[in-house]
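To start, the structure itself, in structure tokens.
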Amino acid sequence: MSKELATRAEDYSKWYNDLVVKADLADHSAVRGCMVIKPYGYGIWEKMQHALDKMFKDTGHVNAYFPLFIPKSFFSKEASHVDGFAKECAVVTHYRLKNDANGGGIVVDNDAKLEEELIVRPTSETIIWNTYKGWIQSYRDLPILVNQWANVVRWEMRTRLFLRTAEFLWQEGHTAHATAEEAIEETKKMLDVYADFVENWMAVPVIKGVKTANERFAGALDTYCIEALMQDGKALQAGTSHFLGQNFAKAFDVKFATKEGNQDFVWATSWGVSTRLMGALVMSHSDDNGLVLPPKLAPHQVVIVPIYKGDEGLKKVSETALQIVAKLKAKGITVKYDDRDTQRPGWKFAEYELKGVPVRVAIGERDLANGTVEVARRDTLSKETVKADGIENYIEQLLNDIQSNLYKIALERRAAMTHEANSYDEFKKLLDEKGGFIYAHWDGTSETEEKIKEETKATIRCIPLNNKQEAGKCIYSGKPSTQRVIFARAY
RNA sequence: CGGGGUGUAGCGUAGCCCGGUAUCGCGCCUCGUUUGGGACGAGGAGGUCGUCAGUUCGAAUCUGGCCACCCCGACCA
């Protein structure tokens with residue numbers, strides 16, 4: 001099988017598609033817009049899940065599970081929520097099939113029509129707030145800090161593996177609080193958790209910010225987000241955290257008795273990250289040779305390839321290799337010893353490069369004689385010969401170096417692709433010639449944002465948190481502005 | 001969902017205009033030689049030509065419907 005990839009320079013989007021498929025992360029399925037996440041790709045997702053899940057637990061959250069189906073009536077209780085999602089909902093209308101009397105095979109049984117249609121969840125606020133109504137009577141029942149790992153369906157027109165699929169996996173946190181302050185604090189806390197995860201595990205730098213009204217989640221008062229920049233200069237929203245105010249409490253009539261004995265509506269948040277992070281991971285670090293994975297999320301952090309002649313040779317090399325495997329495992333490093341005799345070393349090198357394994361160790365009979373091994377790192381594609389003695393410490397350090405190097409490179413790339421524009425002409429020029437994040441003054445109106453989007457395809461990614469305040473003029477309308485916001489073309 | 005394109009063995013393709021059961025490379029299987037960056041030789045297997053219907057003595061090839069994928073728009077995590 002030829003594994004050659006398109007290069008980023010010649011066709012970035014083909015490169016991405018090729019890579020996802022050829023590195024065995026995912027595949028298109030028989031169902032339109034839906035993907036099969038293959039074991040190697042799912043292994044990365046599982047590592048993401050484990051890290052995030054621990055962070056959620058450490059911040060006081062617990063997991064639960066709510067139904068896949070949502071009664072249509074629930075869905076329509078929050079007006080802006082319906083507006084936001086109505087156009088992309090899968091709807092269940094029947095509950096039975098039958099054999100066609102005319103021999104047309106299996107058909108929907110029209111006698112089995114549901115009295116009330118069920119929506120396949122595009123997100124779970126409504127079913128959850130309907131449930132919370134029964135859980136909350138008093139301030140003593142608050143806060144509720146629940147997360148669920150689930151699949152959701154949004155009937156997208158155009159899909160791309162991981163970046164936008166009709167069904168995707170995610171987690172959604174849904175919390176309930178007695179005060180607005182506490183809910184806002186929760187919203188920001190989870191944004192910090194996301195930023196921490198994406199930067200320290202995925203090695204992808206992000207900008208924390210708040211969305212403009214146009215880009216806000218349907219039903220939220222404020223949407224906070226982390227925005228990452230991909231190698232092609234397009235932005236990608238990597239996670240969102242919403243302050244929902246009392247919108248859902250009001251829609252589902254969720255009130256609680258306050259300490260003072262009054263009745264008040266509950267304050268809400270919701271926050272989520274999805275398998276889209278896989279796309280961000282791929283596009284942040286990978287190169288024309290294939291995937292590059294940060295050690296903290298790589299299913300195999302190290303692969304060891306033996307080089308030998310004949311069965312006897314393999315036996316000798318394996319003895320040393322397995323000792324190294326044991327030492328690495330003792331340090332908690334995940335290592336694969338690939339002693340398959342069906343592939344040659346060069347083939348394996350190329351394969352693990354394509355799959356982004358951070359560190360490759362090659363051991364041959366020459367090494368046995370010299371007491372060395374050859375260590376190659378995926379991020380720089382460099383290799384060196386290292387003493388076998390104490391190799392586990394060397395590799396442990398190397399993995400840390402790779403992790404921080406990937407972050408550093410991504411951060412430098414982002415800096416190089418971040419610009420300021422002071423006029424609309426300059427803005428358009430930057431957008432077409434360089435892409436990336438563009439800091440520019442904006443008059444704060446939806447109309448202006450909308451116009452810029454129509455004319456340039458760029459959207460306001462966010463208003464950065466703790467943004468520098470400076471007087472200026474909107475690049476589009478010329479009206480006064482107090483700060484620059486971040487524009488970019490986005491995924 | 002609109003416009004454009006593509007669909008032939010696991011993958012990439014030739015053939016299609018001008019109708020006669022399919023080409024090549026990679027991969028796969030067997031044997032042997034090999035093994036420090038995708039090995040070499042010899043032999044072999046694998047196809048209802050996306051799918052359904054139509055035209056025809058005969059369809060990969062012509063016509064129509066449908067499906068999937070890619071690119072561009074609208075929409076979006």
Side-chain angles (χ1 to χ4, degrees), chain A residues 1-6 11-14 16-18 21-22 27-35 83-89 122-123 151-172 194 211 214-218 223 225-228 235-242 270-280 289-290 305-311 313-314 317 339-354 360-370 372-376 381 383 385 453-454 457 459 461 490-491:
Chain A
M1 177 172 17
S2 170
K3 292 274 182 122
E4 252 114 79
L5 294 167
D11 191 341
Y12 190 84
S13 109
K14 186 170 194 301
Y16 173 83
N17 291 334
D18 281 0
V21 172
K22 288 181 178 166
D27 231 331
H28 293 282
S29 73
V31 184
R32 181 195 197 108
C34 295
M35 64 181 162
D83 284 349
F85 287 107
K87 294 178 300 264
E88 50 188 36
C89 285
T123 180
N151 58 336
V152 287
V153 168
R154 296 182 187 175
W155 213 261
E156 299 290 348
M157 296 303 175
R158 259 180 84 185
T159 59
R160 291 191 70 190
L161 294 173
F162 291 119
L163 297 172
R164 185 173 303 107
T165 45
E167 179 192 23
F168 57 93
L169 307 185
W170 77 347
Q171 57 70 218
E172 45 181 329
Y194 288 155
K211 288 289 187 188
N214 283 3
E215 301 282 324
R216 199 177 283 153
F217 174 74
T223 288
C225 63
I226 47 174
E227 291 286 326
L236 188 138
Q237 178 175 303
T240 48
S241 183
H242 314 292
S270 69
W271 27 274
V273 294
S274 71
T275 36
R276 187 178 227 207
L277 289 177
M278 294 285 293
N289 298 305
V305 177
I307 292 152
Y308 57 90
K309 292 181 173 48
D311 288 349
L314 176 58
V317 172
D339 62 351
R340 285 178 298 173
D341 192 32
T342 50
Q343 314 293 350
R344 301 171 78 258
W347 189 93
K348 292 177 186 175
F349 292 176
E351 182 70 8
Y352 292 116
E353 222 156 80
L354 179 66
R360 184 189 71 230
V361 174
I363 307 174
E365 297 188 58
R366 201 154 75 210
D367 292 305
L368 296 186
N370 299 335
T372 58
V373 297
E374 182 192 82
V375 179
L381 290 171
K383 51 188 180 184
T385 301
K453 185 180 175 183
E454 273 169 34
K457 315 276 177 251
T459 51
R461 301 319 303 156
Y491 277 99

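Proteins come first, then strands; the chains are lettered A, B, ... in the order of their sequence lines, and each starts at number 1.
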Whole-angstrom distance between [N] and [M], as gauged at atom [atom1]:
N: B:A77; M: B:C66; atom1: C1'; answer: 31 Å
N: B:U8; M: B:C16; atom1: C1'; answer: 11 Å
N: B:C18; M: B:G3; atom1: C1'; answer: 31 Å
N: B:A68; M: B:C24; atom1: C1'; answer: 26 Å
N: B:C49; M: B:A9; atom1: C1'; answer: 10 Å
N: B:G19; M: B:C62; atom1: P; answer: 9 Å
N: B:C31; M: B:G5; atom1: P; answer: 49 Å
N: B:A39; M: B:A53; atom1: P; answer: 46 Å

Remember a base hit wins even if backbone is also touched, and classify A:Thr372 as base, sugar-phosphate or nothing at under 4.0 Å, heavy atoms.
-> nothing

Give A:Leu236 one of three labels, base, sugar-phosphate or nothing, depending on what nucleic acid heavy atoms sit under 4.0 Å from its own.
-> nothing

Which of the following nucleotides, [options], is nearest to the side chain of [X]?
X: A:Arg154; options: B:G36, B:A77, B:C71; result: B:A77
X: A:Phe168; options: B:G38, B:A77, B:G73; result: B:A77
X: A:Asp341; options: B:A77, B:U35, B:A74; result: B:U35
X: A:Arg158; options: B:A77, B:C72, B:G37; result: B:C72
X: A:His28; options: B:C69, B:A77, B:C71; result: B:C69
X: A:Ala362; options: B:U35, B:G36, B:G38; result: B:G36
X: A:Asn17; options: B:C75, B:G37, B:C71; result: B:C71

Closest contact, heavy atoms only, [X] versus [Y]:
X: A:Leu163; Y: A:Gly279; result: CD2-CA, 3.8 Å
X: A:Tyr491; Y: A:Leu236; result: CB-CD1, 3.9 Å
X: A:Ala490; Y: A:Thr459; result: CB-OG1, 4.3 Å

Within the pair [X] and [N], is there a side-chain N or O less than 4.0 Å away from OP1 or OP2?
X: A:Lys348; N: B:G36; answer: no
X: A:Asn289; N: B:G37; answer: no
X: A:Ser13; N: B:C71; answer: yes

Calculate the interatomic distance between [X] atom [atom1] and [N] atom [atom2]; express it in whole Å.
X: A:Tyr352; N: B:G36; atom1: OH; atom2: C1'; result: 17 Å
X: A:Glu156; N: B:A77; atom1: CD; atom2: P; result: 8 Å
X: A:Leu368; N: B:G36; atom1: CG; atom2: P; result: 15 Å
X: A:Trp155; N: B:A77; atom1: CH2; atom2: P; result: 18 Å
X: A:Met157; N: B:C69; atom1: CE; atom2: P; result: 14 Å
X: A:Arg160; N: B:A77; atom1: CZ; atom2: C1'; result: 14 Å
X: A:Glu88; N: B:A77; atom1: CD; atom2: C1'; result: 9 Å
X: A:Arg216; N: B:C75; atom1: CZ; atom2: C1'; result: 20 Å

Atom [atom1] of [X] and atom [atom2] of [Y]: how far apart are they, to the nearest 0.5 Å?
X: A:Cys34; Y: A:Leu161; atom1: SG; atom2: CG; value: 11.0 Å
X: A:Thr385; Y: A:Arg366; atom1: OG1; atom2: CZ; value: 8.0 Å
X: A:Ile363; Y: A:Glu365; atom1: CD1; atom2: CD; value: 12.0 Å

How is the base pairing of RNA chain B summarised as a dot-bracket string, given the Watson-Crick and G-U wobble criteria with both distances under 3.5 Å, [ ] for crossing and | for another strand?
-> ((((((((.[[[..)....(...]]].((((((.....)))))).....[[[[[..)....]]]]])))))))....

Side-chain donor/acceptor contact of A:Lys383 with base of B:G37 under 3.5 Å = yes

Does the B:G37 base have a donor-acceptor partner in the side chain of A:Glu353 within less than 3.5 Å?
-> yes

Between A:Arg461 and A:Ile307, just flag the one whose closest nucleotide in RNA chain B comes earlier from the 5' side.
-> A:Ile307

Heavy atoms, side chains only, cut-off 4.5 Å: are A:Glu215 and A:Arg461 in contact?
-> yes

Using a 4.5 Å cut-off on heavy atoms from C-beta on, say whether the side chain of A:Ile307 contacts that of A:Val317.
-> no

Does atom CH2 of A:Trp155 have more than 12 heavy-atom neighbours from other groups under 6.0 Å away?
-> no

Would you call the rings of A:Trp271 and A:Tyr194 parallel, tilted or perpendicular if under 30° counts as parallel and over 60° as perpendicular?
-> perpendicular

Taking the six-membered ring of A:Phe168, is NZ or CZ of A:Arg276 closer than 6.0 Å to its centre and within 45° of its axis?
-> no

Take A:Glu172 and A:Thr123 through the test side-chain contact (heavy atoms from CB on, under 4.5 Å) and record every step on the way to the result.
-> CA-CA 8 Å; A:Glu172 45 181 329; A:Thr123 180; 3.6 Å; yes

Scoring nucleotides 39-45 of chain B by protein non-hydrogen atoms under 4.0 Å (B base, S sugar-phosphate only, - none) yields B------

